[in-house]
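Input: a single structure, listed below in structure tokens.
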Amino acid sequence: MLSVSSVVNPIQQAADRIRKTYHDVPAWGIVLGSGLGGLADEIEVAAEFAYADLPHFPTSTAAGHAGRLVFGELAGVPVVAMKGRFHLYEGWSAQQAVLPIRVMHALGARRLLLSNAAGGVNPEYRVGDVMAIDDHINFMFRNPLVGPNDDALGPRFPDMSAPYCPELIETAEAAARNAGFKLHRGVYAGMLGPTYETRAEYRMLRRLGADAAGMSTVPEAIAAVHLGMPVAGFSAITNECSPDVLGETTHEEVQAAADSAAGKLLTITRALLASVD
Ligand code: HPA
């Protein structure tokens, strides 16, 4: 049985380790998804920590995930970015997967930007498109808030009526309009993985109201809502999941396709960072 101190102490210990050598306060936390780590190159880096050097951090194993916490400025705004995240399919618990979100918050980050690579379940979505996550369905059936609640972090029963901040979505939509590309708005289905879905599963996900499917983001968004952090989430559509003409999906294709959406995500990220102080 987990105790409250087994949740809070790892957060403080990891935050203290960072504060020993890095003192600036990030305004935003950013999570860079599969194939989107290149966005980190836009950060004017002030400090970097390998996850392996931070107490209690799991060590990232997914291909295409570097496993570093990067501090610096993006478009003149102080940020902390996760280059590589923790997935439940790697065997981490939902609570382990969200430790970095809680550490970013403990260090002062007050807003969170999540990105991921996802399959386009909506038949109108094309590879290279970007979707603003408007809502999610938790098909992982795991929740990082299971266990004793620490009231200092957030409430026992968080409201989930609008987990993704509508104002941030509107800002992203305006940025996409100005830059001349389509930004979809839809429902993200969080899957446990690591298998991609079967044709029957994609068909089911569409019928149940999903527009995109991926293997991340949901635990992190839940942890942020619990902490009271406004969240924006974006999916780079990396494969088209039409059940009747489904081709093979490979991790390499997913990463290459994420590259083609990276420029759009950078445009959106800059607009979001500029929109609030
Ligand atoms: N399903 C789940 N996760 C994914 C997919 C998918 O089709 N594409 C990229 N990540």
Side-chain angles (χ1 to χ4, degrees), residues 30-39 60-67 82-92 94 97-98 113-144 164 183-222 232-265 268:
I30 301 177
V31 181
L32 302 162
S34 268
L36 299 167
L39 286 190
S60 186
T61 63
H65 293 264
M82 286 180 74
K83 211 172 167 184
R85 55 149 58 94
F86 305 113
H87 301 88
L88 305 198
Y89 66 72
E90 293 170 275
W92 309 116
V98 304
L113 196 160
L114 300 171
S115 61
N116 59 54
V121 174
N122 184 319
E124 291 182 7
Y125 290 8
R126 294 290 164 264
V127 169
D129 285 357
V130 177
M131 179 188 91
I133 305 177
D134 186 45
D135 207 343
H136 73 222
I137 305 174
N138 185 358
F139 279 118
M140 296 174 170
F141 302 116
R142 317 270 171 94
N143 192 307
Y164 300 88
L183 178 64
H184 302 293
R185 184 171 180 155
V187 173
Y188 177 88
M191 312 303 289
L192 182 59
T195 44
Y196 295 112
E197 287 66 37
T198 64
R199 285 170 293 145
E201 287 165 344
Y202 284 129
R203 194 176 288 116
M204 172 196 77
L205 290 175
R206 183 68 192 141
R207 287 198 183 144
L208 293 183
D211 295 290
M215 304 176 199
S216 66
T217 300
V218 166
E220 296 149 351
I222 291 172
F234 299 93
S235 295
I237 302 302
T238 55
N239 49 297
E240 292 167 23
C241 312
S242 354
D244 300 321
V245 288
L246 189 66
E248 257 186 56
T249 305
T250 67
H251 186 59
E252 291 67 33
E253 272 170 21
V254 164
Q255 283 186 285
D259 275 353
S260 73
K264 295 175 187 171
L265 269 171
I268 291 168

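Positions are given from 1 along the sequence. As the structure lists them, so they are numbered: ligands from 1, and atoms in each ligand from 1.
By the criterion of a heavy-atom distance under 4.0 Å, the side chain of N239, and not its backbone, is placed next to ligand 1.
Atoms CG and CG, on L113 and L265 in that order, are 8.0 Å from each other to the nearest 0.5 Å. Atoms CD and CZ, from E220 and F86 in turn, are 10.0 Å apart once rounded to the nearest 0.5 Å. The CG atom of N239 sits 8.5 Å away from the CD atom of E197 when rounded to the nearest 0.5 Å.
At the top of the distance list for atom 4 (C) of ligand 1, counting protein heavy atoms only, stands A213 O, 3.5 Å. Counting only heavy atoms of the protein, atom 3 (N) of ligand 1 lies nearest to G214 CA, 3.3 Å. Distance from atom 10 (N) of ligand 1 to its nearest protein heavy atom, with residue and atom name: A117 O, 3.4 Å. Looking only at heavy atoms of the protein, atom 5 (C) of ligand 1 is closest to G119 N, 3.4 Å.
Each of the following atoms of ligand 1 lies closer than 4.0 Å to a heavy atom of E197: 1 (N), 2 (C), 6 (C), 7 (O). Annotation for ligand 1: atoms under 4.0 Å from non-hydrogen atoms of T238 are 8 (N), 9 (C).
Between I133 and N116, the closest side-chain pair of non-hydrogen atoms falls below 4.5 Å.
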| Step-by-step side-chain contact (heavy atoms from CB on, under 4.5 Å) determination, Y196 to H251 | CA-CA 10 Å; Y196 295 112; H251 186 59; 4.0 Å; yes

| message | As a quick check of understanding, evaluate side-chain contact (heavy atoms from CB on, under 4.5 Å) for T217 and R85, giving each step before the final call. | response | CA-CA 9 Å; T217 300; R85 55 149 58 94; 3.5 Å; yes

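Between the side chain of S216 and the main chain of H87, no donor-acceptor pair closer than 3.5 Å is present.
Every N/O-N/O distance between M191 and ligand 1 stays at or above 3.5 Å. At least one N or O atom of Y202, backbone or side chain, sits closer than 3.5 Å to an N or O atom of ligand 1.
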